[in-house]
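Below, all heavy atoms of this structure are taken into account, side chains as well, without hydrogens, waters or symmetry copies. So that the names make sense, note that chain A is the first sequence line, chain B the second, and so on, each numbered from 1.
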Amino acid sequence: MVSLGHLNPEQRDAVLHQRGPLLILAGAGSGKTRVIVHRIAYLLDQGEAPQGILAVSFTNRAVREMEERVADMIKDRSIVKKLTLSTFHSLGVKILRKELQRLGYPARFTIYDPSDQLALVRRVMRENRIDETFHNAKDLLAAISQAKNLFLDPPDLNHNAHHELYNNVMVLKKTYSLYEDGLRACGAVDFDDLIRLPVKIFRAFPEALHTWSDRYRQIMVDEYQDTNRAQLLMVECLASVHKNLCVVGDDDQSIYGWRGSDVSNILNFGDQFQGTRVIMLTQNYRCSGHILTAANKVIAQNKTRYDKELWTDANPGPRIGLAVLPDEEQEARYTVEHLYELKHNEKRPWRDFAILYRTNAQSRAFEDALRQERIPYKLVGGQTFFERKEVKDTLAYLKVLYQPSDEIALRRIINYPPRSIGTTTIERLSETVREGQYNSLYQACEHVGDIEGLGTSAKNAVAEFIGQIEDFRSRVPHLSLSALTLRLLEEIRLFPYMHREYKNPNEAKSRIDNLSSLINAIEQYEKRVDSPSLDDYLERITLDTREEDDERETEKDAITLITLHGAKGLEYPVVYLVGVEDGFLPFYRQGEDPNVEEERRLCYVGITRAKQRLYILRALERRRFGRNLEREPSRFLKDIPKELTFFLQADQQRKAQSEEERDQKFKSFFSEINSLFSK
DNA sequence: TATACGATTATTTTT
DNA sequence: TAATCGTATA
């Protein structure tokens, strides 16, 4: 039996709610995961079948946490395994693996990450004479992504309604539809499709809709404030039979507006789902009093929000420390010094500390300072392992083995390492595809002998390449994934080429090291998973960037460097909020208006990550593109009442004093010892 | 076709 | 500043 004794009355109400739509407004640190987990356990207690329970969140991390905590409560592993606890995107994959063929896609599909997407946009633009000097591929891709999130197809776009997406709607329409054709031809879907295509299938095929929506009798959605239109539609579809939809979120923590998430989903939930019950969780169990008060004061300035205020019966705790440093380097050094001292004074492990910033670029100065002091840190986000060139190249080979029609991957490797297949050859081959002679670039390569206008040496090079790939394709079923990858790298002689390619031998070495880590990671994956396979692995690494290369890394005691966005849902005893300057927080660039309310929510998220101690730092000057920029304090700082804060730098002087005192004590201690010995 | 160098341009946040 | 891109040259 699940015990509900240690839940507060609101939490208990939320857990006990059984049928119909439920909106849980869960403030920061109000125990929302706890409610979800208890609710799952309670539903199981009430006899709900585990297969009928679906809980969706945004990040893999949140899903893992849910899994672990559910597993702690429900001892029976076989039951836990039958639950569907998933991110939106992996749920999308799960649906598409079963249903995508209905839309005329091949049975196999790969998932394009943003860099693959951009490569594809660039290619279709080039092939269709859309001038890249007038139309920026990144902007177009962003607009396409927004359109997909809004569940709009190319024909739905019109100048009047969708001008904000992109200034030239005709060009957007054209590029979007070419991009779609391109994806289809490659046998690929992008991240946004993982949400959008299931909805399209549900709308076009009622029997598919029925299968999936009948399956999930109880649905829970975490971080509902971050859902976009397509996600709302997906949830609506899945809940359409049983209508037991429980969403949990906090409008004050909606920070993904730029990615199409729509706060009105949570603000209007009650209107969209008839008979909604609303429960507010306002008791905060995370932050000490001063920190929570500061957070409340900051967020209260926002106009569009549910009026609510978090409270706590925790002690006020220490006040919030403020510091102003001359530049980013000193900001970093000061932070590290302060942190080091605090660790020793309070005997804290490194993992108690986190440094939070607005942009990934800011991490650099802190990394340098931490490395200098040999303090272990872990950098969350930024360029991940799997985004590194050499890793992407290797994975592109694997992708081609799995899905030869993946033209983006094929183009990436067809002449890497160089094997005398130049642009002219590739363009000639690709022309035959556009003329309709072949279905894919790979197929054209296979028939290279029949193609006119190519020299014999080019033909031989292509034929030899195809021979190699086909050879490996035939070996896929017989070799383990890691062995296959290793053999492949040897066969194409990548390492010797890299030694030549990178003049700096250290760079070559570190890149080759990365590839050996990749092999390691694959081996670990093979050990960890029940039935490892090429397609499953490719799916995991695109969907879960935290599929670590070395698991021991994640276990070690280290401080965390993380963006404010990345930190949502996390908490740390000691938080340093750095770069709290206008331009970073709120973020804006010259000539652009900041989205002040969303940026304020981000600031709120930052403050509420801190459990015991919070420090807010800023610099007066910052180097940007090689020139110095004067920085003003964040406008959000003035909303934090003075009496909750103190200046750290006064502390610095005291510290100098106390060091002197310590020196004195040490000396007298020493002389005592000496005198003992001399006796 | 490969390479090397100068020019150019980008820095928000992420599944 | 640093990384990426495009062009010139061998």
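- Comparing A:Gly422 and A:Glu599, the nucleotide of DNA chain B nearest to each residue sits closer to the 5' end for A:Gly422.
- Computed from coordinates, the A:Arg623 CZ to B:dA10 C1' distance equals 17 Å when rounded to whole Å.
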Legend entry - Verdict with supporting geometry, A:Phe269 and A:Tyr224, ring pair (Phe, Tyr, Trp, His ring centres under 6.0 Å): CA-CA 10 Å; A:Phe269 183 82; A:Tyr224 193 71; 5.5 Å; yes
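- The phosphate of B:dT13 (OP1 or OP2) has a side-chain N or O of A:Asn360 nearer than 4.0 angstrom.
- In this structure, the nucleotide among B:dA2, B:dT15, B:dA10 sitting nearest to the side chain of A:Asn136 is B:dA10.
- In this view, A:Asn149 and A:Asp192 satisfy the side chain to side chain donor-acceptor pair (under 3.5 Å) rule, not counting sequence neighbours.
- In this structure, the CZ atom of A:Arg364 is 6 Å from the P atom of C:dA2, given to the nearest Å.
- Put simply, A:Asn415 has a side-chain N or O that comes within less than 4.0 Å of OP1 or OP2 on B:dA2.
- By the salt bridge (charged side-chain N to carboxylate O under 4.0 Å, His left out) test, A:Glu464 pairs with no residue at all, sequence neighbours left out.
- Every residue two or more places apart in sequence or in another chain that forms a side chain to side chain donor-acceptor pair (under 3.5 Å) with A:Ser363 is listed here: A:Glu367.
- The separation between A:Glu329 atom CD and C:dT1 atom C1' is 14 Å, rounded to whole Å.
- Protein atom OH of A:Tyr604 is 19 Å distant from nucleotide atom C1' of B:dT13, rounded to whole Å.
- Aromatic stacking is not marked for A:Phe191 over B:dT15, as the cut-offs of 5.5 Å for the centres and 30° for the planes do not both hold.
- Contact check of residues 561-569 of chain A against DNA chain B (heavy atom, cut-off under 4.0 Å) returns A:Thr563, A:His565.
- Between B:dT13 and C:dT4, the distance separating the two C1' atoms is 22 Å to the nearest Å.
- Between the side chain of A:Arg259 and the base of B:dT14 there is at least one donor-acceptor pair of N/O atoms closer than 3.5 Å.
- Legend: residues meeting salt bridge (charged side-chain N to carboxylate O under 4.0 Å, His left out) with A:Glu68, ordered by chain and number and at least two apart, are absent.
- The CG-P distance, from A:Leu543 to B:dT15, rounds to 10 Å in whole Å.
- Between the CZ atom of A:Arg64 and the P atom of B:dT15 there is a distance of 11 Å, rounded to whole Å.
- Between the P atom of B:dT13 and the CD atom of A:Gln362 lies a distance of 9 Å, rounded to the nearest Å.
- The side chain to side chain contact (heavy atoms under 4.5 Å, CB included) search around A:Lys98 returns A:Trp212, not counting sequence neighbours.
- One finds a side-chain N or O of A:Thr424 lying less than 4.0 angstrom from the OP1 or OP2 phosphate oxygen of B:dT1.
- A:Ile541 places its CD1 atom 15 Å from the P atom of B:dT15, with the value rounded to the nearest Å.
- A close approach under 4.0 Å does not occur between any side-chain nitrogen or oxygen of A:Asn60 and OP1 or OP2 of B:dT14.
- Surrounding CD of A:Glu164 are more than 12 heavy atoms belonging to other residues, nucleotides or ligands, all under 6.0 Å away.
- Of all nucleotides listed (B:dT3, C:dC5, B:dT13), B:dT13 comes nearest to the side chain of A:Trp258.
- Proximity note for A:Thr425 (side chain, C-beta onward) versus B:dT13, B:dT1, B:dT3: the nearest is B:dT1.
- When the side-chain nitrogen and oxygen atoms of A:Ser261 are compared with OP1 and OP2 of B:dT15, none of them lie within a distance under 4.0 Å.
- We find that A:Lys148 and A:Glu180 are joined by a salt bridge, their nearest charged nitrogen and carboxylate oxygen being less than 4.0 Å apart.
- The residue A:Tyr256 sits close only to the backbone: its heavy atoms come under 4.0 Å of sugar-phosphate atoms, none of a base.
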